[in-house]
**Q** 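First the structure, which I've put down as structure tokens, then a few questions once you've had a look.
Order of the sequence lines fixes the chain letters, A, B, ..., with proteins taken first and strands second; residue numbering starts at 1 for each chain.
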There are 2 protein chains.
Amino acid sequence: MLAIWEREKVPVGHILIEENAEAERIGFVLDGLLAMVKTLPDGRRHIIGLLTPADLFGRAFNGKSGYRIEALTDAELLTCPRTPFEELLTRSPEAERLFLLNVLDELDAAREWVMVLGSGKVVQRVASLLLILCRHKVQGAIAPRAPINLHIQLKRVDIAHLLGTSPESLSRSFKQLERDGIIAINTPYNMDVLDLCELTEAAGNALLIEDFGL
Amino acid sequence: MLAIWEREKVPVGHILIEENAEAERIGFVLDGLLAMVKTLPDGRRHIIGLLTPADLFGRAFNGKSGYRIEALTDAELLTCPRTPFEELLTRSPEAERLFLLNVLDELDAAREWVMVLGSGKVVQRVASLLLILCRHKVQGAIAPRAPINLHIQLKRVDIAHLLGTSPESLSRSFKQLERDGIIAINTPYNMDVLDLCELTEAAGNALLIEDFGL
DNA sequence: CCGATTCATTGATGCCCGTCAACGAGATGC
DNA sequence: GCATCTCGTTGACGGGCATCAATGAATCGG
């Protein structure tokens, strides 16, 4: 019954689903970080969204993927071929319900990105990204006023493409947040969020602090 | 069985679902135009997405709505209370499958917006919006080189918020597209797309012309 | 028929930020 | 240990665009 599922490891840079191709496999992210990447004809690439552990990738039922699924870090996956997966959903209403709920969450996440990208200046978008990362980290647990340590697994270029800006502007925004005492940059891939409230303020309140239950 | 469904008309400006409230009703758009609107604390409002005829609004299963559903024009709807709708989905796998496919389409649309908003200059975003409207209009039918007439149901302010820009910049972008001979502006709410290929070009190829089957 | 309101457009101005360029730091390989 | 490569940061510059302000056009109400 569960024999269709297969555990696999992929290295950084590995392409799981090519752009404009039928997805052959469906899968969950167990560990690591994947990205949905759209390559423009002029060579520029744009990151549409991230896939973190517990997220589902690949598309069932509705045709080709408009973007590439790519591993941003070494990653561990749980995958299965598309057709058996679709049959599973058809046979088991429980599985289909779980899948539906997952897709609804993805929809919320996508709309949240629309919000972030649509409004405001670069600093606000950076702050919003950090807020989302913090939310992932604390996961509902009330964070005290203690600093929140973040491991950024993304290169600056990738973050820039994700936020629709350039690495240079991104760097300046980080520095500004640091000057304002909102974050502390330890290394390019490790920073502490010192004040969640001010960070929310800096995000232009696009993402409400209520999300944290504070 | 179908008694739970109710046909209703709402006037422009009517709010169907308030921000951060449980959706009491689920429904389809039959005619008119709805929008998902997020109101920022500073009073500015941001349009996350549009709902056109055949689209589904309101959320089943997963909690509160993060945005308001508002009628941008007089609209005609087919709605039913949320709870019976959820029971319907639970009882009927066929209905749940249809709902799932609809949500998957919404997800694609949302990701497309992420693309549009994330890349490029204002003119490109305007061109992308026009492309999407054209795609709605021709609906798979191959459009000849004849001009495509578009009825824009949105005010300039709303389009601006949708594209993450200001009405002034929007106006200038429209004018530029007209100067380039790509569109003709008859009235603020009615324009012709004269050259689909050049429009695609102006969109920065973010949305490929392949979508039209051309 | 005329004022009031709403909305689209246009112009002027200042700033944000995308681009180009150079530099520094860390990692890798021979 | 040095050359090389990748990546992040910083500086300078110019253009795009948000903002403010004014005008014009259209709709509405009395």
Side-chain angles (χ1 to χ4, degrees), chain A residues 11-13 40 42-47 72-74 116-129 150-180 183-191 202 204, chain B residues 11-13 40 42-47 72-74 116-129 150-180 183-191 202-204 206:
Chain A
V12 51
L40 302 180
D42 58 10
R44 294 188 52 78
R45 57 185 236 147
H46 187 235
I47 297 187
L72 291 180
T73 68
D74 292 341
V116 171
L117 290 177
S119 49
K121 317 206 185 304
V122 174
V123 197
Q124 296 179 352
R125 297 205 287 264
V126 175
S128 299
L129 173 64
L150 290 179
H151 261 307
I152 318 279
Q153 298 177 288
L154 290 168
K155 289 187 291 190
R156 288 287 190 266
V157 192
D158 290 325
I159 305 178
H161 288 153
L162 182 59
L163 294 178
T165 182
S166 65
E168 296 91 335
S169 297
L170 183 65
S171 179
R172 288 182 240 273
S173 293
F174 273 130
K175 288 294 178 181
Q176 179 176 335
L177 289 176
E178 191 175 36
R179 275 198 309 275
D180 296 345
I183 64 173
I185 306 177
N186 307 320
T187 78
Y189 298 92
N190 183 301
M191 42 187 72
Chain B
V12 52
L40 302 179
D42 58 10
R44 293 186 53 77
R45 56 185 237 147
H46 187 234
I47 296 186
L72 291 180
T73 67
D74 291 340
V116 171
L117 291 177
S119 50
K121 317 206 185 304
V122 174
V123 198
Q124 297 179 350
R125 297 205 287 264
V126 175
S128 299
L129 173 65
L150 290 180
H151 260 308
I152 318 278
Q153 298 177 286
L154 290 168
K155 290 187 292 191
R156 288 288 190 264
V157 192
D158 289 325
I159 305 179
H161 288 154
L162 182 59
L163 294 178
T165 183
S166 66
E168 297 91 334
S169 297
L170 183 65
S171 179
R172 288 181 240 273
S173 293
F174 274 130
K175 287 293 176 181
Q176 178 177 336
L177 289 176
E178 191 176 37
R179 273 198 310 276
D180 295 345
I183 65 172
I185 305 177
N186 308 319
T187 78
Y189 298 92
N190 183 301
M191 43 188 71

**Q** Reckon A:Tyr189 has a side-chain N or O less than 4.0 Å from the OP1 or OP2 of D:dG8?
**A**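 Answer yes for this pair, as a side-chain N or O of A:Tyr189 is under 4.0 Å from OP1 or OP2.
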**Q** Do A:Asp180 and A:Lys175 sit within salt-bridge range, that is, some charged N less than 4.0 Å from a carboxylate O?
**A**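 The answer is no: the pair does not qualify as a salt bridge.
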**Q** Checking the side chain of A:Asp74 only, and the main-chain atoms of A:Pro11 only, is there a donor and an acceptor separated by less than 3.5 Å?
**A**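 Here the side-chain-to-backbone pair does not exist.
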**Q** May I ask you to decide if B:Ile183's main-chain N or O and B:Glu178's side chain share a donor-acceptor pair within less than 3.5 Å?
**A**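 Side chain of B:Glu178 to backbone of B:Ile183, a donor-acceptor pair under 3.5 Å: no, none is there.
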**Q** Taking any heavy-atom pair under 4.0 Å as a contact, classify B:Phe174: base, sugar-phosphate, or nothing.
**A**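 The residue B:Phe174 makes no contact with any strand.
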**Q** Quick one: on DNA chain C, does B:Glu168 or A:Glu168 contact a more 5' nucleotide (nearest heavy atom)?
**A**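 In this pair, the answer is B:Glu168.
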**Q** Does the side chain of A:Ser169 get closer than 4.0 angstrom to OP1 or OP2 of C:dG18 through an N or O atom?
**A**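 Answer is yes, contact under 4.0 Å.
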**Q** Under 4.0 Å between a side-chain N or O of B:Arg156 and OP1 or OP2 of C:dT9?
**A**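 B:Arg156 to C:dT9 OP1/OP2: side-chain N or O found under 4.0 Å.
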**Q** Whole angstrom is fine here: how far is it from CG in A:Leu170 over to P in D:dC7?
**A**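 Answer to the nearest Å: 15 Å.
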**Q** Please state how far atom CD1 in A:Ile185 lies from atom P in C:dA25, giving the value in whole angstrom units.
**A**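 One finds 17 Å between P of C:dA25 and CD1 of A:Ile185, rounded.
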**Q** Round to the nearest Å and state the distance from A:Asn186 atom CG to D:dG8 atom P.
**A**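 Between P of D:dG8 and CG of A:Asn186: 16 Å.
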**Q** In whole Å, what is the span from the NE2 atom of B:His161 to the C1' atom of D:dT19?
**A**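 From B:His161 NE2 to D:dT19 C1': 13 Å.
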**Q** Verify the contact: side-chain N or O of A:Lys175 to OP1 or OP2 of D:dT9, cut-off strictly under 4.0 Å; return yes or no.
**A**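 Indeed not, no polar side-chain atom of A:Lys175 lies that close.
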**Q** Taking the minimum atom-to-atom distance to the side chain of B:Lys155, which one of C:dA8, C:dT9, D:dG8 wins?
**A**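 Among C:dA8, C:dT9, D:dG8, the one nearest the side chain of B:Lys155 is C:dA8.
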**Q** Looking at B:Lys121, I'd like to know whether one of its side-chain N or O atoms comes within less than 4.0 Å of OP1 or OP2 on D:dG16.
**A**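 No, because none of the side-chain N or O atoms of B:Lys121 sits under 4.0 Å from OP1 or OP2 of D:dG16.
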**Q** In terms of side-chain heavy atoms of A:Ser166, which of D:dC7, C:dC7, C:dT19 is nearest?
**A**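 The answer is C:dT19, which lies nearest to the side chain.
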**Q** Checking only heavy atoms, does the side chain of B:Arg172 share a donor-acceptor pair with the base of D:dG16 at less than 3.5 Å?
**A**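 Donor-acceptor pair under 3.5 Å: no.
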**Q** Is the side chain of B:Ser128 donor-acceptor paired with the backbone N or O of B:Gln124 at a distance under 3.5 Å, no angle test?
**A**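 Yes; judged by distance alone, with no hydrogens or angles, the pair exists.
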**Q** Starting at atom CG of B:Leu154, determine the distance to atom C1' of C:dA8, rounded to an integer number of angstrom.
**A**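 One finds 15 Å between C1' of C:dA8 and CG of B:Leu154, rounded.
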**Q** Let's see if you can work this out: which of C:dC17, C:dT10, D:dG8 has an atom nearest to the side-chain heavy atoms of A:Val157?
**A**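 It is D:dG8.
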**Q** Can you measure B:Gln176 atom CD to D:dC17 atom P for me and round it to whole angstrom units?
**A**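 My rounded result for the distance is 9 Å.
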**Q** Over how many whole Å does the gap from B:Leu72 atom CG to C:dC7 atom C1' extend?
**A**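 One finds 16 Å between C1' of C:dC7 and CG of B:Leu72, rounded.
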**Q** State whether the side chain of A:Ser173 and the backbone N or O of A:Ser169 hold a donor-acceptor pair below 3.5 Å, judged by distance alone.
**A**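 Flag set: sc A:Ser173 to bb A:Ser169 pair under 3.5 Å.
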